[in-house]
Amino acid sequence: MSKSQPGSKEEKGDQSVRANPFANKHDSSGGTIVRRSQDYSKTHKFWETQPVAQFKDIGDTSLPEGPIEPATPLSEFKQEPYILPDALEWTTCDMNSDDMCSQVYNFLKENYPDERSPFRVDYSRDFLRWALCPPRYHQSWHIGVRVKASKKLVAFISGVPARIKVRDVVVNMAKIDFLCVIKQYRSKGFAPILVKEVTRRVHLENIWQAAYTSLDILPTPFSSCQYWGRLLNPKKLIDVGYSELRQRMTMSRAVKLYKLPDAPITPGFREMERRDVPAVTRLLRKYLSQFGVATDFDEIDVEHWLLPRKDVVYSYLVETHDVITDFCSFYAVPFTISDNPKYTTVECAYSYYNVAETTSFPKLMNDVLIVSKKKGFDVFNALDVMHNKSFLKELKFDDPGDAAKLHYYLYNYHLRSALKPSELGLVLW
Ligand SMILES: CCCCCCCCCCCCCC(=O)SCCNC(=O)CCNC(=O)[C@H](O)C(C)(C)COP(=O)(O)OP(=O)(O)OC[C@H]1O[C@@H](n2cnc3c(N)ncnc32)[C@H](O)[C@@H]1OP(=O)(O)O
């Protein structure tokens with residue numbers, strides 16, 4: 001094993017370059033501490049009225065596992081949208097329309113990132129279409145609020161359908177994401193109205209559960225995970241302030257420490273193609289069946305979520321004698337940098353679903369690092385979900401320390417006990 005390879009003895013332990021610990025939920029702050037509510041004693045006026053696990057119930061094992069409230073007969077629940085202030089109106093966003101997709105893109109680009117961070121998440125239009133228009137999606141779950149007079153978007157929330165296996169039960173859920181309100185309308189109670197409206201529209205499709213994530217502690221996470229970051233392009237990341245050199249580390253040592261081979265090492269490692277969908281689905285279903293909460297992928301989902309799409313999602317596999325034995329994938333989220341004379345973006349890859357059956361996890365993921373670097377990514381982030389912990393340290397991912405966590409939530413579903421990240425087979429952004 002060459003010195004620059006992961007796992008080589010001399011380089012384990014003291015990494016001495018700190019990757020941005022706040023890459024969570026694409027809230028990349030590049031060293032700027034962004035305060036987040038991490039408090040289990042806080043009261044939550046809105047969330048305490050919702051069918052979610054409450055703080056007071058933590059540790060109460062007498063509560064049954066499953067839906068908190070039963071499904072309401074369709075005829076009994078609210079058919080009309082929630083009332084907005086007079087100047088505003090609801091709009092359903094057709095992401096297939098280039099104009100509407102651009103409006104949502106620009107709205108999120110401007111309003112989604114934390115303004116205190118010099119690194120601003122910039123989900124591409126293609127990413128948004130991929131994330132919001134999976135098979136069986138409902139356009140009515142792509143919800144905007146705009147000013148009646150100007151038609152300008154001022155708020156957004158979205159849901160997509162997902163089958164999520166909770167223990168042995170597969171539950172039809174909505175994955176809720178991209179909740180966003182323009183700054184002028186913050187702290188005025190708009191977020192609860194958006195949540196209630198998306199809930200209403202999800203109920204109209206006879207779906208009663210949802211999954212979502214947040215950097216804040218709300219009532220009540222069923223799992224709390226952390227992102228680890230692996231520098232691929234340390235020079236650029238240090239130059240732009242995304243990472244910092246620790247004591248005793250020089251730039252040339254950092255470059256050497258994170259150097260990767262030029263090409264994947266595992267024989268039979270190649271990009272996934274459409275013909276691989278059935279085999280990849282089988283591999284994933286078998287792997288994901290062991291986790292307490294996991295995505296329940298069928299072939300149609302795999303085709304959408306995992307077939308490679310340039311600048312959005314990348315998938316690779318290991319094929320030996322016509323048998324697909326291992327699979328790995330990542331998705332792409334760039335961050336824009338303000339005020340840098342040389343660079344305008346940091347290209348981030350995020351680990352998605354990985355299955356190592358024959359190849360070891362570190363070996364498989366080392367090949368993923370190699371291909372992601374080749375594709376021009378600057379950093380590779382991974383949550384500590386599934387078996388990811390088995391490769392993070394060995395492949396020189398930076399320990400997040402006490403950086404903010406990504407908390408996972410279920411709406412209207414009670415789990416008797418919280419899950420460790422390693423019991424989670426679900427990647428949400
Ligand atoms: C069955 C179907 C069910 C479907 C629904 C399932 C639930 C889905 C839930 C949504 C999952 C979204 C997943 C993502 O997209 S997470 C991404 C969140 N978005 C951003 O970080 C973008 C930038 N930030 C903003 O645009 C605003 O700060 C937002 C819109 C986030 C809050 O706006 P604002 O700061 O102006 O707040 P408010 O005064 O109107 O309202 C205050 C209330 O809102 C609660 N709050 C604040 N942030 C979040 C949050 N991220 N998840 C859940 N609740 C949140 C807060 O605790 C408080 O309630 P309570 O503490 O008093 O009780």
Side-chain angles (χ1 to χ4, degrees), residues 24-25 27 34-73 76-78 82 157 159 162 164-177 179 181 186-203 207-227 291-294 383-385 400 402-428:
N24 330 41
K25 194 83 180 151
D27 180 19
V34 174
R35 273 184 211 292
R36 289 283 175 179
S37 171
Q38 303 289 319
D39 185 355
Y40 277 92
S41 62
K42 221 181 127 190
T43 53
H44 291 276
K45 236 171 85 195
F46 170 63
W47 283 109
E48 282 161 18
T49 67
Q50 297 300 298
V52 293
Q54 300 295 332
F55 294 159
K56 67 178 170 50
D57 300 331
I58 294 174
D60 182 349
T61 49
S62 68
L63 290 168
E65 190 152 299
I68 295 168
E69 283 180 352
T72 318
E76 281 176 30
F77 66 77
K78 198 169 152 53
Y82 282 85
I157 191 166
I164 295 180
K165 183 185 75 67
V166 186
R167 317 276 191 211
D168 295 325
V169 191
V170 175
V171 186
N172 283 322
M173 294 200 194
K175 281 191 296 187
I176 307 296
D177 206 350
L179 166 62
V181 171
R186 298 243 175 114
S187 306
K188 295 187 196 315
F190 271 96
I193 299 176
L194 288 159
V195 171
K196 285 194 282 188
E197 182 60 14
V198 78
T199 304
R200 192 186 71 81
R201 295 191 193 194
V202 170
H203 285 169
I207 290 177
W208 303 88
Q209 275 73 36
Y212 52 101
T213 56
S214 171
L215 291 172
D216 292 317
I217 292 203
L218 307 163
T220 300
F222 71 90
S223 191
S224 296
C225 308
Q226 279 192 309
Y227 276 106
F291 300 105
V293 171
L383 281 170
D384 54 358
V385 296
D402 54 2
K405 292 190 169 187
L406 182 68
H407 305 285
Y408 276 68
Y409 298 89
L410 291 176
Y411 184 94
N412 196 20
Y413 204 95
H414 182 76
L415 276 184
R416 204 166 286 140
S417 53
L419 298 187
K420 293 186 206 127
S422 59
E423 295 171 310
L424 196 53
L426 176 64
V427 178
L428 298 179

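Treat the numbers as computed from the prediction; the structure is a model and nothing was measured. What you see below is based on every heavy atom in this structure, not just the backbone, and it leaves out hydrogens, waters and symmetry mates.
Using a 4.5 Å heavy-atom threshold, the side chains of Thr72 and His203 count as separate. Between His414 and Pro64 the shortest side-chain heavy-atom distance does not fall below 4.5 Å. Val52 is not listed as a side-chain neighbour of Leu218, based on a closest heavy-atom distance of 4.5 Å or more.
Taken to the nearest 0.5 Å, the CG atom of Leu179 stands 12.5 Å off from the CZ atom of Phe190. Between Phe222 atom CZ and Leu415 atom CG the span is 6.5 Å, to the nearest 0.5 Å. The distance from atom CG of Asp216 to atom NE2 of His44, rounded to the nearest 0.5 Å, is 8.5 Å. Rounded to the nearest 0.5 Å, atoms OG (Ser214) and CG (Asp177) are 10.5 Å apart. Atom CE of residue Met173 and atom NZ of residue Lys165 lie 11.0 Å apart, to the nearest 0.5 angstrom. Atom-to-atom distance recorded for Ser224:OG and Leu215:CG is 11.0 Å, nearest 0.5 angstrom.
Between the side chain of Ser223 and the backbone N or O of Leu419 there is at least one donor-acceptor pair closer than 3.5 Å. The backbone N or O of Tyr411 lies less than 3.5 Å from no partner atom in the side chain of Tyr212, so there is not a single donor-acceptor pair. Remark: the backbone N or O of Ile68 is paired with a side-chain donor or acceptor of Asn412 at under 3.5 angstrom. Panel note: side chain Lys45, backbone Trp47; no donor-acceptor pair is recorded below 3.5 Å. With Thr220 contributing its side chain and Ala53 its backbone, the two residues share a donor-acceptor pair below 3.5 Å. Looking at Glu423, its side chain never comes within 3.5 Å of a backbone N or O of Gly292 through a donor-acceptor pair.
The two residues Leu426 and Val385 come nearest to each other via the heavy atoms O-CG1, 4.4 Å. Between Tyr409 and Pro221, the closest heavy-atom pair is CE2-N, 3.4 Å. Nearest approach of His407 to Ile217, heavy atoms of both residues: NE2-CG1, 3.4 Å. Across all their heavy atoms, Leu383 and Leu428 have their closest contact at CD1-O, 4.4 Å. In terms of heavy-atom proximity, Gly425 sits nearest to Phe291 at N-CB, 3.6 Å. Of all non-hydrogen atoms in Val198 and Gly159, the two that sit nearest each other are CG2-N, 4.5 Å.
Residues passing the side chain to side chain contact (heavy atoms under 4.5 Å, CB included) test with Arg416 are Thr61, Glu65, sequence neighbours excluded.
Around NZ of Lys420, the count of heavy atoms belonging to other residues, nucleotides or ligands within 6.0 Å does not exceed 12.
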Kindly indicate, with the supporting measurements, whether the criterion side-chain contact (heavy atoms from CB on, under 4.5 Å) is fulfilled by Val171 and Ile164. CA-CA 5 Å; Val171 186; Ile164 295 180; 5.6 Å; no
